[in-house]
Chemist: 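My questions all concern the structure below.
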Amino acid sequence: MNYIEALNEQQKKAVMHGDGPLLILAGAGSGKTRVLTHRIAYLVDDKGVKPWNILAITFTNKAAKEMKSRVVKLIGAEGEDMWVSTFHSACVRILRRDIDKLGYDKSFVIFDTSDQQTLIKECLRELNLNEKNFPPKSVLHQIGRAKDEMIDPQTYMTMYSTDFRLGKVASIYELYQKKLKINNALDFDDIIIKAIELLTEFPEVLGYYQSRFRYILVDEYQDTNSAQFTFVSLLSASHGNICVVGDDDQGIYGWRGANIRNILDFEREFPGTKVIKLEQNYRSTQNILDAANHVIRNNAGRKSKKLWTENGPGTSVRYFCASNEHEEAEYIIYEINKQVKEGIRKHSDFAILYRMNAQSRVLEEGFMKFGVPYKLVGAQKFYDRKEIRDLLAYLRLIHNPSDSVSLRRIINVPRRGIGKTTIELLEQQAAAREVSIFSLIQAIDSIQGISRAAGALQNFSSIICGLKAVKEQLKVSELIEEILKRTGYLKELEDEDTIEALGRIENLKEFISVAIEFERENEDADLGSFLENVSLVSDIDTLDEEKDAVVFMTFHSAKGLEFPVVFMAGMEEGVFPGYRSFSEEGELEEERRLCYVGITRAREQVYMTGAYCRTLFGSTTYNNVSRFVKELPEELVDGLETAKDRRDSLLSWDSTGRNSYSRDSYGPTMPAASRGMPKPQSYGEAGASQEPVELSNLKTGVLVEHKKFGVGVITRVEEEGDDLKLDIAFKSVGNKRLMAQYAGLRIIR
DNA sequence: ACCGTCGCCATTTTT
DNA sequence: TGGCGACGGT
């Protein structure tokens, strides 16, 4: 165990703790992943624990993969036999084995948020409730919170029977669960809850997993909810070998039902708990830690903790207030370019963090304009595209014919003459008989009132049955091709012959390559595991760290990551902290923790930026500087004074109209920027020698060359104003979205 | 049955 | 801004 030597005293204690509950309070950057991986290695190497007797839970699949590979490095290939996964993946794996005991079919599917909404709307219709009074989103949220607390519909009803609204929510909840069951589907919350149900109702199943998982480790414990707590409690009940790692200051998922008390009350829940605090930070400079500490100290009721480091003081936090969000983006680009040009950093050393995904658009535009490579995490657009969702609906229906939500999505896509009235009729009769729509169609003669559409239904049913019949012999990618062919989906797009349709075809092709990729990585890649993967894998899991590009993501996604330089954008009251956190102290504290997470992602440098005037969701606001910036002591921040001066001068400019943003107006407002900043013209028309490309020549399939990204092929063209938005697949850097005017493209053929 | 248009709406974070 | 439902014309 020579690797123990490199650890500090506290870390060693945590790693070498024997049996029994262990709570590790690990400050940001204190090496908790290291402690976890080493502890696993210690258990295997020194205590003779078998890897398959260990269950480690992480927050994302990416973290799981990483942890596993780090353990394998320490103890060798037998580490592969460990279960390292998220709560959801672990529970799905358990359910795949035994869910039939709960009356579900093993081919169950996972409903995502939009499936959930569809189902809620259906419930509302059936209960004659109005979407205005019961907005699906908020109803869904309330149901979700109930599920996090493991409150079932009946209990919910008795809890709120005196409240008219909540009483109705209870009945929606009840119907919603019933419908999920009929669809043979689980939503995200159900995944955990049904696993718990399985463990509690079937002692032999519980016994199996208790003896299988003799050591349980949970990362990011501050973000677990009550159901997840119950899950690990059950599994560890027989041996008490549960080790959790967390930081109450980094709890940022309260809105999703994460229960901070899981960590605060851990010692009470597990008597005899050994508590170890990791307070030495190895990641950041002293200034960054001071900044973080000054912010977080404004929160009440935390476990006491004082982070320290042996690193040097480093530079101050830099604050910059731009006149608007476009200039904010340009400031960021300018600072990044400067450091890259000096050769002290590469693009991938930078991360831009923001509160809302909506903020990324302006940043993207700026980065495209100046040709700075970036990678966007989140905003999971790909799977949300219509054609992809349609295709997934086919796949899901073939896999699980009970899935009426998917069926309804594609029963008339492409159009086959099954209209609204027919669908409503089917829906009603299916609901009345409590069967799935597909099984109803199978017995088509028993449906009353079907006249014209009967043939069309027959036709639809035989297409699906035909595909079901071949799904076993085909690989998923081949099945997709069959679907596109047999349903006429592809043909319809081809006949349309528009730019948009071509783009959709490209997307479908890309989806096929996703499937092929999946088949390559997984030996036993059947349809079920493919669908499961699509449901549970998030965007951050596929974050490619090799690529040299600036990373954009939300503060939430940044959890657990670190970067040399971090930009925190949109540091304004109303944006961060967000306006709806103002009303409640608890929510404000969560925003503050989020800020703390943001600051502590940085190793060497933190920038905070904001805009004097910001247009968001179509309306323009003038926000004050974020209170989080003001919570920093002056000596730790650079730029506060100048920001105030700027603001004063901007105010006077406003009245003269000189403040309006234009492409080359950042000269006066940003003197420094006019020097190192590459002008957009350098890629476009101003390069005198280079003719601007004729926009009409840019079509899907055209091969082009970009100064920076090299050769690529256009995969999608979309009109935007008098410009074209291009998706281009580059050989070297992969997919990029560029504005034709600024991209400075050369057509090869 | 289908398609286009209008006007209303809220508007975070994600497994 | 843009997604969505309601409505009305073909």
Side-chain angles (χ1 to χ4, degrees), chain A residues 57-64 85-92 110-114 116-118 121 124-125 130-132 135-138 140-141 144 147-148 186-193 195 220 223-225 227-228 231 251-258 353-362 377-380 383-384 386 411-424 452-453 456 532-541 553-559 570 574-581 587 590-591 593-595 597-598 614-621 720:
Chain A
I57 305 276
T58 59
F59 196 71
T60 62
N61 294 295
K62 177 166 175 275
S85 67
T86 63
F87 274 104
H88 294 270
S89 309
C91 289
V92 167
I110 298 163
F111 271 10
D112 67 18
T113 320
S114 83
Q116 288 179 286
Q117 290 208 31
T118 311
K121 286 177 188 169
L124 291 174
R125 247 175 300 152
N130 187 320
E131 279 189 28
K132 293 265 183 308
K137 265 192 166 165
S138 89
L140 205 46
H141 184 246
K147 288 186 172 189
D148 292 333
L186 303 182
D187 65 17
F188 281 118
D189 302 314
D190 277 347
I191 291 173
I192 312 288
I193 292 186
E220 308 284 9
D223 287 319
T224 52
N225 61 31
Q228 290 165 334
F231 177 72
I252 54 175
Y253 284 94
W255 54 274
R256 206 168 81 185
L353 311 183
Y354 37 77
R355 182 66 237 266
M356 304 173 284
N357 275 125
Q359 288 170 258
S360 71
R361 266 191 59 175
V362 176
V377 176
Q380 29 164 253
Y383 290 112
D384 279 342
K386 183 186 174 300
I411 190 166
N412 199 32
V413 179
R415 280 183 297 287
R416 39 177 85 89
I418 302 170
K420 215 170 113 195
T421 32
T422 311
I423 294 171
E424 262 163 27
R452 254 189 328 174
E532 183 181 311
N533 186 264
V534 170
S535 304
L536 293 180
V537 165
S538 73
D539 202 48
I540 191 126
D541 298 330
M553 65 178 113
T554 61
F555 287 104
H556 284 88
S557 317
K559 186 169 82 150
V575 177
F576 190 34
Y579 66 87
R580 64 182 124 279
S581 65
E587 290 184 35
E590 182 151 309
E591 298 279 294
R593 289 194 292 273
L594 194 53
C595 180
V597 168
R614 178 180 299 272
T615 307
L616 203 59
F617 300 121
S619 65
T620 303
T621 50
E720 191 152 298

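Chain naming here is simple, since letters A, B, ... match the order of the sequence lines and numbering starts at 1 in each. The figures that follow rest on heavy atoms only: side chains count, while hydrogens, waters and symmetry mates do not.
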Chemist: Contact class for Tyr253(A) (heavy atom, under 4.0 Å): base, sugar-phosphate, or nothing?
Modeler: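 The residue Tyr253(A) makes sugar-phosphate contact but no base contact.
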
Chemist: Is the backbone of Gly251(A) close enough, under 3.5 Å, to the side chain of Arg593(A) for a donor and an acceptor to pair up by distance?
Modeler: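 Yes: the side chain of Arg593(A) pairs with the backbone of Gly251(A).
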
Chemist: Taking NZ, NE, NH1 and NH2 as the nitrogens, is one of them in Asp190(A) or Lys147(A) under 4.0 Å from a carboxylate oxygen of the other?
Modeler: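 Salt bridge: yes.
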
Chemist: When you compare the side chain of Thr60(A) with that of Glu220(A), does any pair of heavy atoms fall below 4.5 Å?
Modeler: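 No. Closest side-chain heavy atoms not under 4.5 Å.
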
Chemist: Both Thr554(A) and Lys137(A) contact DNA chain B. Which one's nearest nucleotide lies toward the 5' end?
Modeler: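 Between the two, 5'-proximity favours Lys137(A).
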
Chemist: Consider the side chain of His88(A), meaning its heavy atoms from C-beta on, and name the nucleotide among dT13(B), dT11(B), dT15(B) that approaches it most closely.
Modeler: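 Output: dT15(B).
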
Chemist: Could you list where the contact with chain A starts and ends along DNA chain C, reading 5' to 3', using a 4.0 Å heavy-atom cut-off?
Modeler: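 Listing 5' to 3', DNA chain C meets chain A from dT1(C) to dG5(C).
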
Chemist: Expressed in angstrom and rounded to an integer, what is the separation of Asp112(A) atom CG from dT14(B) atom C1'?
Modeler: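 Distance, rounded to whole Å: 12 Å.
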
Chemist: Can you sort out the partners of Asp189(A) under salt bridge (charged side-chain N to carboxylate O under 4.0 Å, His left out), two or more places apart, ordered by chain and number?
Modeler: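 Result, salt bridge (charged side-chain N to carboxylate O under 4.0 Å, His left out) vs Asp189(A): none returned.
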
Chemist: Below 3.5 Å between N/O atoms, which protein atoms pair up with nucleotides 2-6 of chain B? Just atom names and distances, please.
Modeler:
| from | atom 1 | to | atom 2 | distance (Å) |
| --- | --- | --- | --- | --- |
| dC2(B) | OP1 | Asn412(A) | ND2 | 3.3 |
| dC2(B) | OP2 | Asn412(A) | ND2 | 3.0 |
| dC3(B) | OP1 | Arg415(A) | NE | 3.0 |
| dC3(B) | OP1 | Arg415(A) | NH1 | 2.8 |
| dC3(B) | OP1 | Arg415(A) | NH2 | 2.8 |

Chemist: On a whole-Å scale, what distance lies between the C1' atoms belonging to dT12(B) and dG5(C)?
Modeler: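 Going atom to atom, C1' in each nucleotide, I get 24 Å.
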
Chemist: When you get a sec, tell me which of dA1(B), dT14(B), dT15(B) is the closest nucleotide to the side chain of His556(A)?
Modeler: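 Nucleotide nearest to His556(A)'s side chain: dT14(B).
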
Chemist: Taking the side chain as every heavy atom from C-beta outward, state whether Arg256(A) and Asn225(A) have any pair of such atoms under 4.5 Å apart.
Modeler: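 In short, these two side chains do not touch, never coming nearer than 4.5 Å.
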
Chemist: Is there a side-chain polar atom (N or O) of Asn357(A) under 4.0 Å from OP1 or OP2 of dT11(B)?
Modeler: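 Result: no.
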
Chemist: Okay, side chain of Thr118(A), backbone of Ser114(A): is any donor-acceptor separation there less than 3.5 Å?
Modeler: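 Checking the backbone N and O of Ser114(A) against the side chain of Thr118(A), a donor-acceptor pair under 3.5 Å is found.
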
Chemist: Once you round it to whole Å, what is the distance between C1' of dT14(B) and CD of Glu220(A)?
Modeler: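 Whole-Å distance recorded here is 14 Å.
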
Chemist: Write down the distance between CG (Leu353(A)) and C1' (dT14(B)), rounded to a whole number of angstrom.
Modeler: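 About 16 Å, once rounded to whole Å.
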
Chemist: Which atom pair, heavy atoms only, marks the closest approach of Gln117(A) to Pro136(A)?
Modeler: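 What the structure gives for the nearest pair is OE1-CB, 4.2 Å.
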
Chemist: Looking at Arg580(A) and dT11(B), is any side-chain donor or acceptor paired with a base atom of the opposite kind under 3.5 Å?
Modeler: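 There is none.
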
Chemist: Does the side chain of Asn61(A) get closer than 4.0 angstrom to OP1 or OP2 of dT15(B) through an N or O atom?
Modeler: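 Looking at the OP1 and OP2 atoms of dT15(B), neither is under 4.0 Å from any side-chain N or O of Asn61(A).
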
Chemist: What is the distance, to the nearest angstrom, from the CG atom on Asn225(A) to the P atom on dT14(B)?
Modeler: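 Interatomic distance, CG of Asn225(A) to P of dT14(B): 17 Å.
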
Chemist: Under 4.0 Å from OP1 or OP2 of dT15(B): is there any side-chain N or O of Thr58(A) that close?
Modeler: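 It does not, given that no N or O in the side chain of Thr58(A) lies less than 4.0 Å from OP1 or OP2 of dT15(B).
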
Chemist: Measure up the Tyr253(A) and Phe59(A) rings against each other and bin them: parallel (under 30°), tilted (30 to 60°), perpendicular (over 60°).
Modeler: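 Tyr253(A) and Phe59(A): tilted rings.
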
Chemist: With respect to the phosphate group of dT13(B), does any side-chain polar atom (N or O) of Ser557(A) fall under 4.0 Å of OP1 or OP2?
Modeler: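 No, Ser557(A) has no side-chain N/O under 4.0 Å of OP1/OP2 on dT13(B).
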
Chemist: Tell me whether His556(A) contacts the main-chain N or O of Ile252(A) through its side chain, where contact means a donor paired with an acceptor under 3.5 Å.
Modeler: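 Flag set: sc His556(A) to bb Ile252(A) pair under 3.5 Å.
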
